[in-house]
Engineer: 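Before I ask anything, here is the structure I am working with.
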Amino acid sequence: MWRSLSKYVCVFFLLALSSLFFLLSNINILENLNCQTVSTLYQLQSSIHTAFFSEAPFLLDRNHSYCGLLGQKPSPEEALEEHYLLESIAWPEPTHHSESVSLDHTSDPAHSLFVILPARGRSEWHVGDQLEAFVQMYDFQGHPKSHGGDFLLARLHSSELEAGVAGQVLDHRNGTYSAIFPLLWQGSAQVEMTLVHPSEAVHVLRRLREERPDRVFFKSLFRSGKLSQTTICNLCLPTSQKPLCNYTDAHTEEPWYCYKPKMLSCDTRINHAKGGYVKDLLTNKEAFGVNIKVHIHPSGSDSVTVLPEKKGRSSMKTEPTRITPSGYYFQGSWRALTGGVIRQFNDSSAITQCLKGKVVYMYGDSTARQWFEYLNALLPELKQFNLHSPKNVGPNMAVDSTHNTLLRYRCHGPPIRFTNVIASEMRYVANELDGLTGGPNTVVFISIWSHFSTFPVQVYIRRLRHIRRAVVRLLDRAPGTMVVLRSANLQALDPEVSLYNSDWYSLQLDGVLRAMFRGVDVLLIDAWEMTLAHHLPHALHPPPIIIKNMIDIILSRICP
């Protein structure tokens with residue numbers, strides 16, 4: 001019996017050795033066959049899935065400030081700062097608000113009016129005085145509004161003098177508002193009041209910001225060999241839907257996630273891109289999309305004549321509320337009220353000489369890239385290098401070897417709504433700043449705001465906190481470094497754009513940025529006031545004349 005068993009063992013052993021020899025000698029053929037088979041089956045599966053179940057963005061849990069709670073938990077000091085920042089931008093809201101407010105009861109600029117109040121204790125206005133306009137809001141039925149919260153813009157201007165200045169709007173929370181303007185030039189000055197959104201629309205925008213941070217969604221392509229798949233990505237994704245790929249940054253701990261592909265690993269991600277915009281965001285009871293950026297008519301005259309400044313009289317101390325804007329336009333040029341005289345760099349050779357020996361880094365969204373494009377087009381000796389990257393995405397680089405000038409632009413890390421960013425080029429501004437040597441010949445531009453408008457403000461606070469720390473570290477190790485911070489600006493709006501990029505969102509982010517960098521040695525370019533005070537239509541990318549004035553401010557600081 002044992003003799004026959006040993007015979008069978010020998011036979012099985014020989015068969016096993018033969019199979020192993022065959023497998024090793026043909027392993028490449030088998031691997032290719034297996035890959036082709038899997039790829040074919042997967043492509044068939046994907047085509048069936050696409051035909052019947054087009055992948056759409058998943059709805060987020062309706063958790064208040066869901067995205068803002070992701071990422072590194074703030075320290076007690078950070079939580080306290082966040083609390084004060086949110087309090088500083090708190091927007092007035094009716095005590096009893098219902099989502100079923102009819103259009104008839106919303107603010108209507110056609111029924112509303114403003115009136116210029118008489119000068120305090122005198123019958124005329126002089127340069128240095130302050131002008132005040134009183135605004136009364138009415139609804140569509142002609143009834144006065146009894147609560148505040150309308151989003152108004154105020155501008156004082158003179159078309160013949162090419163002059164303009166932003167006014168400050170004070171909400172009295174009872175349906176009335178005050179608009180206050182400094183009188184900075186002699187001659188005609190005309191008041192312009194604009195309703196951007198009624199308070200009822202602001203309520204909708206606030207709800208969307210907190211409940212629907214997924215209304216702009218993103219995607220990434222994953223690929224390995226012949227296998228590829230595109231999945232949805234965002235700063236926050238429900239974990240109950242699918243397994244996630246976690247791309248949280250190791251240094252800043254800024255969170256970012258994508259749904260994991262079915263047959264690919266997370267490290268096969270190729271790119272990042274905007275996926276699209278979620279539609280049908282409004283409920284049937286929400287009144288939105290009417291009266292966006294509509295002028296309010298005056299009751300009586302909308303203009304005054306400003307006389308020369310009176311000698312020996314200081315009007316600065318007579319006003320109960322004194323405002324000081326960052327600057328104003330006069331004869332088409334921006335004049336700063338703080339920070340020194342602004343030179344006019346009207347000749348490209350003057351700009352070239354000012355930037356001689358400088359290395360200029362530009363980080364942020366497309367409004368930062370706009371500065372790169374402006375200088376690159378204006379300066380003939382600046383030559384752009386072909387880095388084989390998409391023009392509108394970057395990174396971009398231009399060099400003037402004669403004058404030893406280098407310009408670089410790089411977009412900020414996610415969330416960013418660009419079309420196609422290579423995954424390896426996704427960099428966070430704070431990390432880039434930490435990699436700079438800095439010094440007297442280094443200039444840093446930062447503009448980061450537009451792509452954060454759909455997220456709770458806590459997300460923006462966290463991002464700015466990392467950037468602020470990196471700026472402070474840079475200035476500590478290289479005190480001569482010049483850092484320029486650009487604020488948000490006004491843009492063209494319609495009912496659809498407003499749901500994602502309303503000026504109200506930008507205003508809230510702008511308030512946070514100014515507060516967080518107060519006391520830090522940076523140059524703030526007040527793009528908000530520079531676009532509000534100018535006569536040209538609002539645009540996400542301001543026209544060249546406004547960009548020129550911004551560049552003049554920066555160059556005046558570099559070359560005073």
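What you are looking at is a predicted structure, and each value in this text was computed from that prediction instead of being measured.
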Engineer: Is there a donor-acceptor pair under 3.5 Å between the side chain of T106 and the backbone N or O of L103?
Structural biologist: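 Indeed, once roles are kept as given, a pair shorter than 3.5 Å links the two residues.
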Engineer: To the nearest 0.5 Å, what is the distance between CH2 (W504) and CG (N501)?
Structural biologist: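 Atom-to-atom, W504:CH2 and N501:CG are 13.5 Å apart.
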Engineer: Do D214 and F455 touch side chain to side chain, with heavy atoms closer than 4.5 Å?
Structural biologist: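 The answer is no, as the side chains (C-beta and beyond) never meet within the 4.5 Å cut-off.
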Engineer: Determine whether H538 and K293 satisfy the following criterion, side-chain hydrogen bond (donor to acceptor under 3.5 Å, both in side chains), listing intermediate values before the conclusion.
Structural biologist: CA-CA 10 Å; H538 301 158; K293 287 197 175 180; 2.7 Å; yes
Engineer: Between Y505 and Y500, is there a side-chain heavy-atom distance shorter than 4.5 Å?
Structural biologist: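 They are not in side-chain contact.
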Engineer: State, to 0.1 Å, how close S498 and L205 come at their nearest heavy-atom pair, and which atoms those are.
Structural biologist: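 Where S498 meets L205 most closely, the heavy atoms are O-CD2, 3.3 Å.
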Engineer: Quick one: which residue pairs count as a side chain to side chain donor-acceptor pair (under 3.5 Å) with a foot in residues 528-537, not counting sequence neighbours?
Structural biologist: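 Listed by first then second residue: S326-E529.
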Engineer: Whether the side chain of D150 engages the backbone of L152 through a donor-acceptor N/O pair (distance < 3.5 Å, no angle test) should be reported.
Structural biologist: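 Not at all, since once roles are kept as given, no pair shorter than 3.5 Å links the two residues.
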Engineer: Just verifying a value: how many Å separate S453 OG and R215 CZ, rounded to the nearest 0.5 Å?
Structural biologist: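 With rounding to 0.5 Å, OG (S453) is 7.0 Å from CZ (R215).
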Engineer: Minimum heavy-atom separation for P542 and I547, please, with both atom names.
Structural biologist: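 In this case the closest contact between P542 and I547 is O-CG1, 3.7 Å.
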Engineer: Hey, does the side chain of R514 reach the backbone of G511 with a donor-acceptor pair shorter than 3.5 angstrom?
Structural biologist: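 No, the answer is negative, given that no donor and acceptor are paired below the 3.5 Å cut-off.
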Engineer: Salt-bridge test for R206 and E211: reply yes if a basic N is under 4.0 Å from a carboxylate O, no otherwise.
Structural biologist: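 Salt bridge flag = no for E211 with R206.
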Engineer: Using 4.0 Å as the upper bound for N to carboxylate O, is an ion pair formed by E78 and K73?
Structural biologist: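 Salt bridge flag = no for E78 with K73.
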Engineer: Checking E82 side chain against A79 main chain: does a donor-acceptor pair fall under 3.5 Å?
Structural biologist: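 Such a contact is absent between E82 side chain and A79 backbone.
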Engineer: Taking all atoms of both residues into account, what is the closest heavy-atom pair of S107 and P198, and its distance?
Structural biologist: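 So the minimum-distance heavy-atom pair works out to CB-CB, 3.7 Å.
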Engineer: A side-chain contact here means heavy atoms from C-beta on lying under 4.5 Å apart; do S450 and S366 qualify?
Structural biologist: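 SC-SC contact between S450 and S366 ruled out.
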Engineer: Should the pair R486-D526 be classified as a salt bridge under the 4.0 Å nitrogen-to-oxygen rule?
Structural biologist: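 A salt bridge is absent here (no side-chain N lies under 4.0 Å from a carboxylate O).
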Engineer: Compute the ring centroids of Y329 and W334, then answer whether they are less than 6.0 Å apart.
Structural biologist: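 Y329 vs W334: aromatic centres under 6.0 Å.
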Engineer: Is the backbone of P308 close enough, under 3.5 Å, to the side chain of H126 for a donor and an acceptor to pair up by distance?
Structural biologist: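 The answer is yes, because a donor-acceptor pair under 3.5 Å joins these two groups.
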Engineer: Return the OG to CG distance between S333 and D552, rounded to the nearest 0.5 Å.
Structural biologist: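 If I round to the nearest 0.5 Å, the distance is 7.5 Å.
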Engineer: State, with a plain yes or no, whether a side-chain heavy atom of M193 is found less than 4.5 Å away from one of V135.
Structural biologist: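 Sidechains of V135 and M193: in contact.
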Engineer: So, the side chain of W125 versus the backbone of G128: is there a donor-acceptor pair under 3.5 Å, distance only?
Structural biologist: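 Judged by distance alone, no pair lies under 3.5 Å.
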Engineer: Any side-chain donor-acceptor pair under 3.5 Å between H295 and T194?
Structural biologist: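 The criterion, which ignores hydrogens and geometry beyond distance, is satisfied for T194 and H295.
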Engineer: Between the side chains of E132 and S178, is a donor N or O closer than 3.5 angstrom to an acceptor N or O?
Structural biologist: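 Present: a donor and an acceptor within the cut-off.
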Engineer: Can you find a side-chain donor-acceptor pair between Q190 and R155 that sits under 3.5 Å?
Structural biologist: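 The criterion, which ignores hydrogens and geometry beyond distance, is not satisfied for R155 and Q190.
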Engineer: Given 3.5 Å as the limit, does a donor-acceptor pair link the side chain of H451 with the main chain of P415, or not?
Structural biologist: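 Here the side-chain-to-backbone pair does not exist.
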Engineer: Indicate the atoms forming the closest heavy-atom contact of I323 with Q130, along with that distance.
Structural biologist: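 That would be N-OE1, 3.1 Å.
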Engineer: Just jot down the ring pair (Phe, Tyr, Trp, His ring centres under 6.0 Å) partners of Y460, sequence neighbours excluded, or say none.
Structural biologist: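 With neighbours one apart ignored, the set is F452.
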Engineer: Decide salt bridge (charged side-chain N to carboxylate O under 4.0 Å, His left out) for E200 and K145; before the verdict, give the C-alpha distance in whole Å, the side-chain angles of both, and the deciding distance to 0.1 Å.
Structural biologist: CA-CA 11 Å; E200 294 77 14; K145 297 296 291 288; 3.0 Å; yes
Engineer: Knowing that exactly one of I292, L493, N489 qualifies, which makes a side chain to side chain contact (heavy atoms under 4.5 Å, CB included) with D503?
Structural biologist: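 Among I292, L493, N489, the one meeting side chain to side chain contact (heavy atoms under 4.5 Å, CB included) with D503 is L493.
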Engineer: Taking the side chain as every heavy atom from C-beta outward, state whether L170 and Y177 have any pair of such atoms under 4.5 Å apart.
Structural biologist: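 SC-SC contact between L170 and Y177 ruled out.
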Engineer: For R335 and N549, test the side chains for any donor-to-acceptor distance below 3.5 angstrom and give the result as yes or no.
Structural biologist: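 Absent: no donor and acceptor within the cut-off.
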Engineer: Using a 4.5 Å cut-off on heavy atoms from C-beta on, say whether the side chain of R463 contacts that of Y428.
Structural biologist: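 Touching, per the 4.5 Å side-chain cut-off.
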Engineer: Under a 3.5 Å cutoff, is there a donor and acceptor pairing between the side chains of H541 and T367?
Structural biologist: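 Their side chains do not contain a donor-acceptor pair, so the 3.5 Å distance test is not met.
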Engineer: Between E286 (side chain) and T283 (backbone), is there a donor-acceptor pair under 3.5 Å?
Structural biologist: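 Answer holds: yes.
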Engineer: Determine, stepwise, if the pair H412 / D365 fulfils side chain to side chain contact (heavy atoms under 4.5 Å, CB included).
Structural biologist: CA-CA 6 Å; H412 64 73; D365 53 37; 4.0 Å; yes
Engineer: Which atom pair, heavy atoms only, marks the closest approach of D171 to G149?
Structural biologist: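 Looking at all heavy atoms of both residues, the closest pair is OD2-N, 2.8 Å.
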Engineer: Within a 6.0 Å radius of atom NZ on K219, are there more than 12 heavy atoms belonging to other residues, nucleotides or ligands?
Structural biologist: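 Check fails, neighbour count at 12 or below.
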Engineer: With sequence neighbours excluded, what pairs up with C233 under the disulfide (SG to SG under 2.5 Å) test?
Structural biologist: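 Testing C233 for disulfide (SG to SG under 2.5 Å), a comparison that skips the adjacent residues, returns C258.
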Engineer: Which of parallel (below 30°), tilted (30 to 60°) and perpendicular (above 60°) describes H272 and F218?
Structural biologist: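 H272 vs F218 ring planes: parallel.
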Engineer: Could you go through the ring-ring contact (aromatic ring centres under 6.0 Å, His included) check for F445 and Y363 one step at a time?
Structural biologist: CA-CA 6 Å; F445 295 175; Y363 301 112; 10.0 Å; no
Engineer: Hey, are R468 and E81 close enough for a salt bridge, meaning a charged N less than 4.0 Å from a carboxylate O?
Structural biologist: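 Here R468 pairs with E81 in a salt bridge, since their nearest N and O are under 4.0 Å apart.
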Engineer: Do Q331 and L161 touch side chain to side chain, with heavy atoms closer than 4.5 Å?
Structural biologist: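 In short, these two side chains do not touch, never coming nearer than 4.5 Å.
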Engineer: Do the non-hydrogen side-chain atoms of L433 and I446 ever get within less than 4.5 Å of each other?
Structural biologist: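 In contact.
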Engineer: Should the pair Y409 and F372 be assigned to parallel (<30°), tilted (30 to 60°) or perpendicular (>60°) ring geometry?
Structural biologist: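 Y409 and F372: tilted rings.
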Engineer: What's the separation between atom CD1 in I89 and atom CD in Q508, rounded to the nearest 0.5 Å?
Structural biologist: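 Interatomic distance, I89 CD1 to Q508 CD, rounded to 0.5 Å: 4.0 Å.
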Engineer: Given V484 and V444, is the side chain to side chain contact (heavy atoms under 4.5 Å, CB included) satisfied, shown in steps?
Structural biologist: CA-CA 6 Å; V484 180; V444 178; over 6 Å; no
Engineer: Calculate, to the nearest 0.5 Å, the distance between atoms OG and CE belonging to S146 and M137 respectively.
Structural biologist: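 Going from the OG atom of S146 to the CE atom of M137 covers 12.5 Å.
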Engineer: How close do V278 and R212 get, heavy atom to heavy atom, and via which atoms?
Structural biologist: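 V278 and R212 have their closest heavy atoms at CG1-NH2, 3.4 Å.
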Engineer: Main chain of N392, side chain of R369: is a donor-acceptor contact present, judged purely on distance under 3.5 Å?
Structural biologist: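 Yes, the answer is positive, given that a donor and an acceptor are paired below the 3.5 Å cut-off.
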Engineer: Would D510 and W449 count as a side chain to side chain contact (heavy atoms under 4.5 Å, CB included) if you check the C-alpha gap in whole Å, the side-chain angles of each, and the deciding distance to 0.1 Å?
Structural biologist: CA-CA 8 Å; D510 189 51; W449 55 277; over 6 Å; no
Engineer: ring-ring contact (aromatic ring centres under 6.0 Å, His included) for F330 and W185? Distances and angles first, verdict last.
Structural biologist: CA-CA 8 Å; F330 188 76; W185 63 83; 7.1 Å; no
Engineer: Could you tell me whether a side-chain N or O of S112 sits under 3.5 Å from a main-chain N or O of Y138, the two making a donor and an acceptor?
Structural biologist: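 Pair found, side chain donor or acceptor close to backbone of Y138.
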Engineer: Run the numbers on D302 and F114 for side chain to side chain contact (heavy atoms under 4.5 Å, CB included), then give the verdict.
Structural biologist: CA-CA 8 Å; D302 62 354; F114 74 87; 3.9 Å; yes
Engineer: Does the distance from a Lys or Arg side-chain N to an Asp or Glu carboxylate O, for E496 and K279, drop under 4.0 Å?
Structural biologist: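 Looking at K279 together with E496, the answer is yes, because their closest N to O distance falls below 4.0 Å.
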